[in-house]
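Note that the numbering runs from 1 along the sequence shown for the chain. Since the structure is predicted, the reported quantities are computational estimates derived from the model, not experimental observations.
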Amino acid sequence: MNKFVALMRRYVYDYTNRHDFAVCDEIMVPGYTLHMGTYDLTGRDTHYKPATHKQFQQFPGLSLTVNEIVTNGSRLSLRFSEHGASMRHNGALASWAGIGLYKWDGERLTENYVEQDYYSRREQLASGQPKPVESPALAPWDTTPQPENREAENLVRKVLSNGDLTATPGIEFDDAWTGAPLQKVLQPDGAVIDDLFSAGDKVAFRITQSGRLLADFAPAEQVGTPAFLHMTGIVTVRDGRIVGGRVIRDRLGLYRRLHASQH
């Protein structure tokens, strides 16, 4: 088994699914940094563990299912589903997707850019109608590193900086894989690429997209106003074009910023 993949197996089974914080010290450096939405949490013990502890308190039986692993040996992306029962919502059930881009020092994790579909989770907990867990990867721990692909990276950088992934066929956003309609959030006018790497025909990324709010998402009085939106994704590039992929957007973070500005 590849060493980085083996480390992530410990992350999934020994730490996350067992809720065992002692394992954090073995698999993460003290300065471990988590980037999610507008939050940059630096410090395994001072910031990361307390934030995760709150999650485990709300979902005491929280589990993580691996949907896909992409790695070139030095970088790794984990596409996953988290699911459980919320004690804040009288045991209501929810399942939501996430994509993280991990860095390591050859022994332990050092940094992660991740987004989770908390907007869908919020809707499920409010309605009492959970989404099904996305299909697990058949053999995630047998994933082997694939070489970097600069041509694919350059193509994806260009699309992310100047294009609109919601207009790209074959890409599923957020919980659209369940049949939920695609919610268009911004008319993009650019993006800052926070992180990006390739492995074979896969390119993983995290961006901060800028643009104008669309009526599909924003209150009427805010349509057309400028906003930004964080997202992570894994796309497949073949024959010089993006042919598919999966993207998770921080819709909840943007939703909260919009509603906070109304008060």
If you compare all heavy atoms of [X] against all heavy atoms of [Y], which two are closest, and at what distance to 0.1 Å?
X	Y	answer
Ala97	Ile248	CB-CD1, 3.6 Å
Asp20	Asp14	CB-O, 3.4 Å
Ala227	Leu254	CB-CD1, 4.0 Å
Pro145	Asn2	CG-ND2, 3.2 Å
Thr236	Lys202	OG1-NZ, 2.9 Å
Ala85	Pro60	O-CD, 3.9 Å

State plainly whether one hydrophobic cluster holds both [X] and [Y], where clusters connect Ile, Leu, Val, Met, Phe, Trp and Tyr through side-chain heavy atoms under 4.5 angstrom apart.
X	Y	answer
Val114	Val29	yes
Val156	Leu76	yes
Leu7	Val70	no
Leu252	Leu214	no
Trp104	Phe197	no

side-chain contact (heavy atoms from CB on, under 4.5 Å) evaluation trace for Val247 with Phe205
CA-CA 9 Å; Val247 175; Phe205 63 86; 4.1 Å; yes

Kindly write out the residues that satisfy salt bridge (charged side-chain N to carboxylate O under 4.0 Å, His left out) with Asp194, not counting sequence neighbours, or none if the list is empty.
Arg206

Could you tell me if [Y] and [X] have a donor-acceptor pair between their side chains, going purely by distance under 3.5 Å?
X	Y	result
Lys103	Thr110	no
Arg122	Tyr255	yes
His230	Thr38	no
Tyr102	Tyr11	yes
Ser63	Asn17	no
Glu153	Ser198	yes

Please step through side-chain contact (heavy atoms from CB on, under 4.5 Å) for the pair Arg238 and Asp201, ending with a clear verdict.
CA-CA 7 Å; Arg238 294 189 189 128; Asp201 63 359; 3.3 Å; yes

Side chain [X], main chain [Y], donor-acceptor under 3.5 Å:
X	Y	answer
Ser210	Gly190	yes
Asn67	Ser135	yes
Arg257	Phe228	yes
Asp216	Val185	no
Thr143	Pro140	yes
Arg108	Asp25	yes

Glu107, CD: over 12 other non-hydrogen atoms inside 6.0 angstrom:
no

For Arg241, look at atom CZ and say whether over 12 heavy atoms of other residues, nucleotides or ligands are found less than 6.0 Å away.
no

Could you tell me if the side chain of [Y] sits less than 4.5 Å from the side chain of [X], heavy atoms only?
X	Y	result
Ile242	Val203	no
His47	Thr42	no
Phe217	Val223	no
Glu134	Thr65	no
Met1	Asp142	no
Glu115	Arg249	no

Reported [atom1]-to-[atom2] distance for the pair [X] and [Y], which is rounded to 0.5 angstrom:
X	Y	atom1	atom2	value
Leu196	Leu101	CG	CG	8.0 Å
Leu125	His89	CG	NE2	4.5 Å
Leu62	Ser86	CG	OG	10.5 Å
Phe173	Leu165	CZ	CG	5.0 Å
Met28	Asn112	CE	CG	8.0 Å
Leu186	Arg212	CG	CZ	10.5 Å

Salt bridge (charged side-chain N to carboxylate O under 4.0 Å, His left out) for Asp164 and Lys184? Distances and angles first, verdict last.
CA-CA 10 Å; Asp164 182 0; Lys184 292 195 173 185; 5.2 Å; no

What residues form a ring-ring contact (aromatic ring centres under 6.0 Å, His included) with Phe56, not counting sequence neighbours?
His19, Phe21

Holding to side-chain hydrogen bond (donor to acceptor under 3.5 Å, both in side chains), I want the full list of residues that pass it with Ser120, two or more places apart in sequence or in another chain.
Gln124, Asp175

Report the C-alpha separation of Lys131 and Trp96 in whole Å, then their side-chain angles, then the decisive distance to 0.1 Å, and conclude whether the side-chain contact (heavy atoms from CB on, under 4.5 Å) test is met.
CA-CA 8 Å; Lys131 304 284 187 181; Trp96 62 98; over 6 Å; no

Ring-face cation of Arg75 near Phe4 (centre distance under 6.0 Å, axis angle within 45°):
no

Assess the residue pair Met231 and Asp250 against the criterion (side-chain contact (heavy atoms from CB on, under 4.5 Å)); give the C-alpha distance rounded to whole Å, side-chain angles, the decisive distance to 0.1 Å, and a yes or no.
CA-CA 6 Å; Met231 65 182 76; Asp250 180 29; over 6 Å; no

Give the intermediate values and the outcome of salt bridge (charged side-chain N to carboxylate O under 4.0 Å, His left out) for residues Glu148 and Arg150.
CA-CA 6 Å; Glu148 295 178 87; Arg150 298 302 184 191; 3.2 Å; yes

